[in-house]
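For reference, the structure is listed below as structure tokens.
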2 protein chains.
Amino acid sequence: MDTETAELRLLEAAETLFDERGVQAVGMDAIRTASGVSLKRLYQLFPSKDHLVWAVLKRRDGAVREAIAAHGATRADTPYTRALAVFDYLGDWFADPGFRGCAFINTFGEMGGISPDVADIARGHKQALRQYFAEQTDALGAPRELADQLAILANGAMVLAGIEGSAEPAVRAKDAARVLLDAAAPR
Amino acid sequence: MDTETAELRLLEAAETLFDERGVQAVGMDAIRTASGVSLKRLYQLFPSKDHLVWAVLKRRDGAVREAIAAHGATRADTPYTRALAVFDYLGDWFADPGFRGCAFINTFGEMGGISPDVADIARGHKQALRQYFAEQTDALGAPRELADQLAILANGAMVLAGIEGSAEPAVRAKDAARVLLDAAAPR
DNA sequence: GCGAATGGAGAACGATCGTTCCCCCGCTGC
DNA sequence: GCAGCGGGGGAACGATCGTTCTCCATTCGC
């Protein structure tokens, strides 16, 4: 196995395990077993568990940003529909078996108080989502506060979908987002 | 120190530490030091750390439900204003120094995947908030979906306030809630 | 005043975890 | 074919954690 695939398998295995059980409840040995990569190589690629956690979150951060942009670009062609398309993306995501909430929200809750790195990544990730909404609301000539409100809806939906184990919050949030969009920037 | 105050000090110390650092990062010895209650008494009152975690969450659950009801009862006198008063409560809470998000959201993220008890308490707590909103929206003759949307706003505000370290999401969410309330049940 | 019970301080124990080390296999260059 | 070496399996190490135990002082009923 070459370095590239070893790193990929480690990141994928760690991400899955962290999502299922949280970060601290997952031992390095479990990651080694799930990935099939030896401890020696693991520590060559990621010199500590903190480095691995950081890399997992960073990779997920980029993937989510891309997925949201792609979702908006391919399925929606106006700022209005692009803003709403985020909630369709959430609905698909929530329907994943084993979905247990947003990794950034969960990891911040677990480690945000003791790990500034984790807190920074979570903050950056959430600001990127807000920024995406802001691009759409700016294009609509709506006030910036609307973007904040859409971000609040999206994050609230993630939390409740995770805790209740249901995809329904995505459609509820989308309906609410439509009402807010119409009120702030009527088509 | 009698049993009652020992239990109270333990619950308060544990709650503070869990809020600051998460559950798994806090050792029983830290709780003993912070509370001034010996380990022997601690294990007499709570036979395991899981029992203590459960008791802390249960106590907080009751306190929050009471606080929301009290906030609505004393500062608002219609279903419309009682629904909005929740967001004022959130604003006060977010402004607490050291606020780091909702204990139920954080603990669910940390342990919801490995502890059914924690998952159950978080679910119950969030359903209680939704229920409170539902009582107000029912009285307004608004559809049940509105209560879900208000709950999504409240939880999204908690998450973003915790991650960003700002109380602003409370006022953004309140503005959004007003728009949704007006759209669904005009006064 | 005395024996028994209670509770405090903290050592001790067993388990687990992150990390490192050791030993050996299999490949590579010549 | 062989010396050298990178990598795998897994034991080992040191730290930490949840939990229990030991020792001792204090208190309370009589």
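Throughout, a chain's letter reflects where its sequence line sits, starting with A, and its residues are numbered from 1. These numbers come from the heavy atoms of this one structure, side chains and all, not from hydrogens, waters or symmetry mates.
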[X] [atom1] to [N] [atom2]: how many Å, rounded?
X: B/Glu7; N: C/dG7; atom1: CD; atom2: C1'; value: 17 Å
X: A/Arg41; N: D/dG8; atom1: CZ; atom2: C1'; value: 10 Å
X: B/Gln44; N: D/dT19; atom1: CD; atom2: C1'; value: 14 Å
X: B/Asp29; N: D/dA15; atom1: CG; atom2: P; value: 17 Å
X: B/Leu17; N: D/dG18; atom1: CG; atom2: P; value: 12 Å
X: A/Leu42; N: D/dG7; atom1: CG; atom2: C1'; value: 14 Å
X: B/Asp2; N: C/dG7; atom1: CG; atom2: P; value: 11 Å
X: B/Leu39; N: D/dG18; atom1: CG; atom2: C1'; value: 9 Å

Point to revise | Result of checking B/Arg60, B/Arg21, B/Lys58 against B/Glu15 for salt bridge (charged side-chain N to carboxylate O under 4.0 Å, His left out) | key: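 Considering B/Arg60, B/Arg21, B/Lys58, a salt bridge (charged side-chain N to carboxylate O under 4.0 Å, His left out) with B/Glu15 is found only for B/Arg60.
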Of all the choices, [options], which nucleotide is nearest to the side chain of [X] once you look at every atom?
X: A/Lys49; options: C/dG18, D/dA11, D/dG18; result: C/dG18
X: A/Tyr43; options: D/dG8, D/dA11, C/dG18; result: C/dG18
X: B/Ser38; options: D/dG9, C/dA9, D/dT19; result: C/dA9

**Study point:** Contact nearer the 5' end of DNA chain D, comparing A/Val37 with B/Val26
**Key:**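 That would be A/Val37.
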Review point. Is it true that the side chains of A/Thr5 and A/Asp2 contain a donor and an acceptor less than 3.5 Å apart?
Key: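 Note: A/Thr5 and A/Asp2 side chains meet the donor-acceptor criterion.
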Exercise for review: Please check if any side-chain donor atom of A/Arg82 sits under 3.5 Å from a side-chain acceptor atom of A/Gln136, or the reverse.
Suggested key: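 Present: a donor and an acceptor within the cut-off.
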Check your understanding: Less than 3.5 Å between a donor and an acceptor, one on the side chain of B/Lys40 and one on the base of C/dG8, is that the case here?
Key ->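 A donor-acceptor contact between them is present.
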Exercise for review: Tell me whether the OP1 or OP2 atom of C/dG10 has a side-chain N or O from B/Arg32 closer than 4.0 Å.
Suggested key: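 Yes.
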Review point. Do A/Phe46 and A/Leu11 touch side chain to side chain, with heavy atoms closer than 4.5 Å?
Key: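 A/Phe46 vs A/Leu11: side chains touch.
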Check your understanding: CZ of A/Arg65: more than 12 outside heavy atoms within 6.0 angstrom?
Key ->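 Count over threshold, so yes.
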